[in-house]
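Notes follow once the structure below has been shown.
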Protein chains: 2
Amino acid sequence: MRTNLPSPQSAPLHVLGLGPGDASLLAPAALRCLKDSTVIVGYRPYIDLLPDSLLRGKQVIATGMRAEVRRVEAAVQSALNGLPTSLVCSGDPGIYALAGLTLEYLEKRGIHPDSLPLNIIPGIPALCAAAALLGAPLGHDFACVSLSDLLTPWEGIRRRLEAAFAADFVTVLYNPRSRRRTTQLAEAFALAALHLPPSTPVGIVRNAFRPRQHILISPLAACDPREADMFTLLVIGNSETRLSPGARMLTPRGYTL
Amino acid sequence: MRTNLPSPQSAPLHVLGLGPGDASLLAPAALRCLKDSTVIVGYRPYIDLLPDSLLRGKQVIATGMRAEVRRVEAAVQSALNGLPTSLVCSGDPGIYALAGLTLEYLEKRGIHPDSLPLNIIPGIPALCAAAALLGAPLGHDFACVSLSDLLTPWEGIRRRLEAAFAADFVTVLYNPRSRRRTTQLAEAFALAALHLPPSTPVGIVRNAFRPRQHILISPLAACDPREADMFTLLVIGNSETRLSPGARMLTPRGYTL
């Protein structure tokens, strides 16, 4: 069904990235959208990152894991009903977050862009937050892979991991492990070991710029998958990545000094 | 030469990302550092993105292209001299920017981290800014490759491009073309065409969130390398990327709607 009629009553839908979560890393544009919204929709742990003062007097729709479609549905419906709405994502809304699903949902429902002002506001992604804490591991070309096989067959993920290691990309791993998914990270380390020296630094960052932040840099051969959970991001160095003084992870780009 | 003595007179060195350049996307943490600094060092076009009010009364060291080492040198020296200093990068300081070169320079000069408080502040990278303007092209795994062969042999770049296309990553291209480098982007398109359908959407974003912003989405087969310059970032879709209504680029992640 395609609704071609404009909806004069619809309000803006902001799909925005909170960045890592700390207010000091939230873009003013995203803050503005949050303040201007009467409805805020998001995954409960991300909503919890927002200060109470920002939520006061607003309708907050916070849902649990795997309720992505319901979140998008609620946010779109709210905007169509004429309520300015923010759909909040952690990091950047375009990286393993809800910008794509929102476009898909609008397409599926036949809601034409002209009838719903959609505003995608970028945020500091987890990969940049983790990298800043580790030093400069993303100093050269990198690949970003989610290890979650809930939506993608493991064979496809495995193929991308192999390609990334073989071509000497720095490799960023999102969603490395959850309570239910416990085998993928060990397999990723094993694939990396086929292409990289055992001493290759691996950065393991949990809760970047959030309470209980934890940073670990470990040689690939000594990495323990149990160091990772759902709130962890990993950066596996390339063949040139090294530790620089102060235990910082550094991938040089090739400048002559 | 390694200086093991702490320098009690040294001041903090902030290596920070401005994000795309618009003040609405500058993190408060980065703004705080800029305000607290008495010296601001950076590439001239990035310094020009800052409001005059922020620069007033400060020493500004703005240099031209390819003066990366001199910028880092000036910033480190300034902090060692006791002047709080910000070294500004566009986007995120860790992605093709100066965080890595700063670590390398400190290492080379033997300046121990304890003697110079170094503060790396992440920013919204160009890839997220461009993606937000295009729709949601980074909805699944992606690889990020710089086409500049000034510091990296073209054979290595070519190998990474081939790996990324063959493994069906979405591929982000930084530094696609400059006045002197005019052949790499056409070669990248030709490599992509070996693995992807001619209709694959390619997003070409110039000056994201800056004056003279320009957004173009073109099928791979019709891409013209002359659309790109030094301030352009490209996103080549994967085999599943499509145009969604409203001319938005969408890479689905696999949700069932």
Side-chain angles (χ1 to χ4, degrees), chain A residues 19 23-29 32 68-69 92-96 99-101 103-108 112-113 120-125 128-129 131-132 135-136 138-146 151-152 156 159-160 163-164 166-169 244-246 248 250-255 257, chain B residues 19 23-29 32 68-69 92-96 99-101 103-108 112-113 120-125 128-129 131-132 135-136 138-146 151-152 156 159-160 163-164 166-169 244-246 248 250-255 257:
Chain A
S24 74
L25 294 172
L26 175 69
R32 181 78 269 150
E68 291 89 350
V69 177
D92 176 76
I95 299 184
Y96 307 119
L101 187 58
L103 291 185
E104 279 192 273
Y105 181 81
L106 294 174
E107 187 183 81
K108 175 89 174 182
H112 193 269
I120 301 174
I121 308 280
I124 294 175
C128 293
L138 304 180
H140 213 313
D141 302 331
F142 63 93
C144 194
V145 179
S146 166
L151 303 170
T152 304
R159 176 174 158 227
R160 286 186 183 146
D168 209 24
F169 280 100
S244 81
R248 295 188 185 106
L250 165 64
T251 306
R253 191 162 168 214
Y255 289 102
L257 280 175
Chain B
S24 74
L25 294 172
L26 176 68
R32 182 79 270 151
E68 291 88 351
V69 177
D92 177 77
I95 297 184
Y96 307 120
L101 187 58
L103 292 185
E104 280 191 272
Y105 182 80
L106 295 174
E107 186 182 81
K108 175 88 173 185
H112 193 270
I120 300 174
I121 309 280
I124 295 174
C128 293
L138 304 179
H140 211 315
D141 303 332
F142 64 93
C144 193
V145 179
S146 167
L151 303 169
T152 304
R159 177 176 156 226
R160 285 186 184 145
D168 208 25
F169 279 100
S244 82
R248 294 190 185 104
L250 164 65
T251 305
R253 195 165 167 210
Y255 289 101
L257 279 176

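Chain identifiers are assigned alphabetically (A, B, ...) following the order of the sequence lines, protein sequences preceding nucleic acid strands; residue numbering begins at 1 within each chain.
With rounding to the nearest 0.5 angstrom, the CG atom of A/L257 is 9.0 Å from the CD atom of B/E107. For the atom pair B/E104 CD and A/Y255 OH, the distance stands at 9.5 Å (nearest 0.5 Å). How far CG of B/D92 is from CD1 of A/I124: 7.5 Å, rounded to the nearest 0.5 Å. Here the CZ-OG distance, from B/R32 to A/S24, works out to 11.5 Å after rounding to the nearest 0.5 Å.
Ranked by heavy-atom pairs under 4.5 Å with chain B, the first of A/C144, A/G139, A/P252 is A/C144. Listed options B/A129, B/A164, B/A143 were ranked by heavy-atom pairs under 4.5 angstrom with chain A; first place goes to B/A143. If you tally non-hydrogen atom pairs under 4.5 Å between each of A/A132, A/G254, A/G246, A/G135 and chain B, the highest count goes to A/A132. Interface remark: of the candidates A/G19, A/A99, A/G94, A/G94 forms the most heavy-atom pairs closer than 4.5 Å to chain B. Interface remark: of the candidates A/A163, A/G123, A/G100, A/A131, A/G123 forms the most heavy-atom pairs closer than 4.5 Å to chain B. No other option in A/L138, A/V69, A/L103 has as many heavy-atom pairs under 4.5 Å with chain B as A/L103. Of the listed residues (A/A136, A/A27, A/A167), the greatest number of heavy-atom pairs within a distance under 4.5 Å of chain B belongs to A/A167. For the options B/G156, B/P93, B/P125, heavy-atom pairs under 4.5 Å to chain A are most numerous at B/P125.
You'll find the side chain of B/C128 reaches within 4.5 Å of the side chain of A/I95, heavy atoms only.
At a 4.5 Å heavy-atom cutoff, the contact between B/V145 and chain A is made by backbone and side-chain atoms alike. For chain B, the nearby part of A/L26 is the backbone; its heavy atoms alone come within less than 4.5 Å. Using a 4.5 Å cut-off between heavy atoms, B/L25 contacts chain A through both its backbone and its side chain. Proximity to chain A (any heavy atom under 4.5 Å) is restricted, for B/A166, to the backbone atoms N, CA, C and O.
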Query raised in the report: Could you walk me through whether A/H140 and B/L151 pass the side-chain contact (heavy atoms from CB on, under 4.5 Å) check?
Result: CA-CA 10 Å; A/H140 213 313; B/L151 303 169; over 6 Å; no
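With B/D141 contributing its side chain and A/S146 its backbone, the two residues share a donor-acceptor pair below 3.5 Å.
Taking the six-membered ring where tryptophan is involved, the planes of B/F169 and A/F169 are tilted, since the angle between them lies from 30° to 60°.
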